[in-house]
Amino acid sequence: MPRPDRWNRQLHVTLATVFTLVACDRAPQADAYGTFEAEEVVVASEAGGRLERFSVSDGQELQAAQVVGVIDTVQLAFERAQVQAQRASLLAQRTEMSEQRQSLRVQREIAGRTRARIDRLFAQQAATAQQRDQVERDARVLAVQVDAAAAAVDRTTAELASLDARVAALDDRIRRASQRNPVAGTVLVTFVRAGEVVQPGQPLYRIANLDSLTLRAYVTGAQLTAFRLGDLVTVNVSGGEAALRPTRGRITWVSTRAEFTPTPVQTRDERGELVYAIKVRVANHDGTLKIGMPADVTLGTTPVAGRDP
């Protein structure tokens, strides 16, 4: 049987070993907690009609300006052809009116010279008053006809401009029928399928650039002064293998307005505390990080793996 003093020494050694292991295993206290999110873009239809082609699926990588869908434009093409026919007819009418106006101008010029000649003859008593009244009436009638012809040409020109605007609007609608992806990224979810009838402004899919994610975390007012824009921080992802690989993040936004602790916090006391939101951009070129994944932020310049965001 071991002696009491020897047993006490063994107990002290065991307790010291346990305390040392616990102290070594204790992780540093995080300064903020939150979840990852991405800048999502909801892409909506720019035209209305049947979706003839739609080559978008969940998880697909899309490039900016890539054509992802085509909406039926048959009716728009028919309407454009009709407007173009109206424009051609109206253009022919304006040409005819312009020629008629030019002819009336020539007649008015001749009538003006005739009137001047009759006036001289009347002054010499070589022409009658009736002749003078006749040429004066003809000159005035021709002047009115020239003005009317000019107004008709101007009116036709305005109608042609209106038709040109309608053609331009139809061309724009036909162009918008080819749906283009606005930003490069990964499709998160789709809302429609090929063959469905869509309306202008109807959401088609949601896309986000996942090369970098934003960690939205919350800090207390006492911590707020320690978080400055542009600072690098250490981000630890909770759960999974990613928890073993801390990464760098850069603070891109600090809220200037306090808010209550978000509802996922379950205790009543913590829900009543005022906190400030911050955003930390984290590089995600390998796709390890996912939207909604929880993580924490630790201030300091501890060297960690990964690129600077």
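No experiment lies behind these values; they were computed from the predicted model shown.
- Electrostatic pairing of Arg140 and Glu136 counts as a salt bridge here, judged by a charged N lying under 4.0 Å from a carboxylate O.
- Shown here is Gln100, whose CD atom has no more than 12 heavy atoms of other residues, nucleotides or ligands within 6.0 Å.
- Follow the hydrophobic side-chain contacts under 4.5 Å out from Val254 and you reach Tyr276 in the same cluster.
- Without hydrogens or angle criteria, Asn284 side chain to Thr288 main chain gives a donor-acceptor distance under 3.5 Å.
- A salt bridge links Asp172 with Arg176: the closest approach of a Lys/Arg side-chain nitrogen to an acidic carboxylate oxygen falls below 4.0 angstrom.
- Here Gln60 contributes atom CD and Tyr205 contributes atom OH; the two are 9.0 Å apart, rounded to the nearest 0.5 Å.
- Residues Glu79 and Arg166 are in side-chain contact: their nearest non-hydrogen atoms beyond the backbone lie under 4.5 Å apart.
- Proximity of Val235 to Phe36: side-chain heavy atoms (C-beta onward) are separated by under 4.5 Å at one or more points.
- The two residues Ala149 and Leu104 have their closest heavy-atom pair at CB-CD1, 4.1 Å.
- Atom CZ of Arg115 sits about 10.0 Å away from atom CG of Asp133, to the nearest 0.5 Å.
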Inset, instruction - Let me see the working for Gln179 and Val56 under side chain to side chain contact (heavy atoms under 4.5 Å, CB included), right down to the final yes or no. - result: CA-CA 11 Å; Gln179 184 72 41; Val56 177; over 6 Å; no
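- A single hydrophobic cluster is seen to contain both Met293 and Leu188, as judged by linkage of ILVMFWY side chains at heavy-atom distances under 4.5 Å, directly or through other members.
- Panel note: side chain Asn181, backbone Gln66; no donor-acceptor pair is recorded below 3.5 Å.
- The closest donor-acceptor contact from the side chain of Asp58 to the backbone of Thr190 lies under 3.5 Å.
- Placement of Val197 and Phe54 in two distinct hydrophobic clusters is found when ILVMFWY residues are connected by side-chain heavy-atom separations under 4.5 Å, directly or transitively.
- Between the OG atom in Ser98 and the CD atom in Glu96 there is a gap of 10.0 Å [rounded to 0.5 Å].
- How far CG of Asn236 is from CG of Asp296: 4.5 Å, rounded to the nearest 0.5 Å.
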Legend entry - Test log, rule side chain to side chain contact (heavy atoms under 4.5 Å, CB included), inputs Gln131 and Leu121: CA-CA 10 Å; Gln131 290 176 321; Leu121 293 174; over 6 Å; no
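- Trp253 and Leu274 fall into different hydrophobic clusters, where Ile, Leu, Val, Met, Phe, Trp and Tyr residues are linked whenever their side-chain heavy atoms come under 4.5 Å apart, directly or through other members.
- Taken from CG in Leu76 to CZ in Arg173, the straight-line distance is 4.5 Å, to the nearest 0.5 Å.
- The closest donor-acceptor contact from the side chain of Arg94 to the backbone of Val153 lies at 3.5 Å or more, if one exists at all.
- The side-chain heavy atoms of Gln107 and Ile110, taken from C-beta on, include no pair separated by under 4.5 Å.
- Shortest non-hydrogen contact noted between Val67 and Arg53 is CG1-NH2, 3.8 Å.
- Between Arg216 and Ala277, the closest heavy-atom pair is NH1-CB, 3.9 Å.
- Contact annotation: the side chain of Arg228 never approaches that of Ile251 to less than 4.5 Å [non-hydrogen atoms, C-beta and beyond].
- The two residues Ala32 and Phe227 have their closest heavy-atom pair at CB-CZ, 4.3 Å.
- In this structure the side chain of Phe191 reaches within 4.5 angstrom of the side chain of Arg206, judged on heavy atoms.
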Inset, instruction - Check the pair Ile71 / Val198 against side chain to side chain contact (heavy atoms under 4.5 Å, CB included), numbers first and verdict last. - result: CA-CA 9 Å; Ile71 296 175; Val198 297; 3.9 Å; yes
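- Proximity of Leu163 to Val83: side-chain heavy atoms (C-beta onward) are separated by under 4.5 Å at one or more points.
- Counting heavy atoms from C-beta outward, Glu37 and Lys279 have side chains that approach closer than 4.5 Å.
- By the rule that hydrophobic residues join a cluster once side-chain heavy atoms approach within less than 4.5 Å of another member, Val43 and Val70 end up as members of separate clusters.
- Through ILVMFWY side-chain contacts below 4.5 Å, Phe122 is grouped with nothing and stands alone.
- Looking only at side-chain heavy atoms (C-beta outward), Leu210 and Leu289 stay at 4.5 Å or farther from each other.
- Taking CD1 from Ile118 and CZ from Arg113, the interatomic distance works out to 13.5 Å, rounded to the nearest 0.5 Å.
- Of all non-hydrogen atoms in Val297 and Ala217, the two that sit nearest each other are CG2-CB, 4.5 Å.
- Surrounding CD of Glu39 are at most 12 heavy atoms belonging to other residues, nucleotides or ligands under 6.0 Å away.
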Legend entry - side chain to side chain contact (heavy atoms under 4.5 Å, CB included) between Asp31 and Val219, intermediate numbers included: CA-CA 7 Å; Asp31 296 295; Val219 299; 5.9 Å; no
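- Annotation for Gly34 and Leu215: closest pair C-CD1, 3.6 Å, computed over non-hydrogen atoms.
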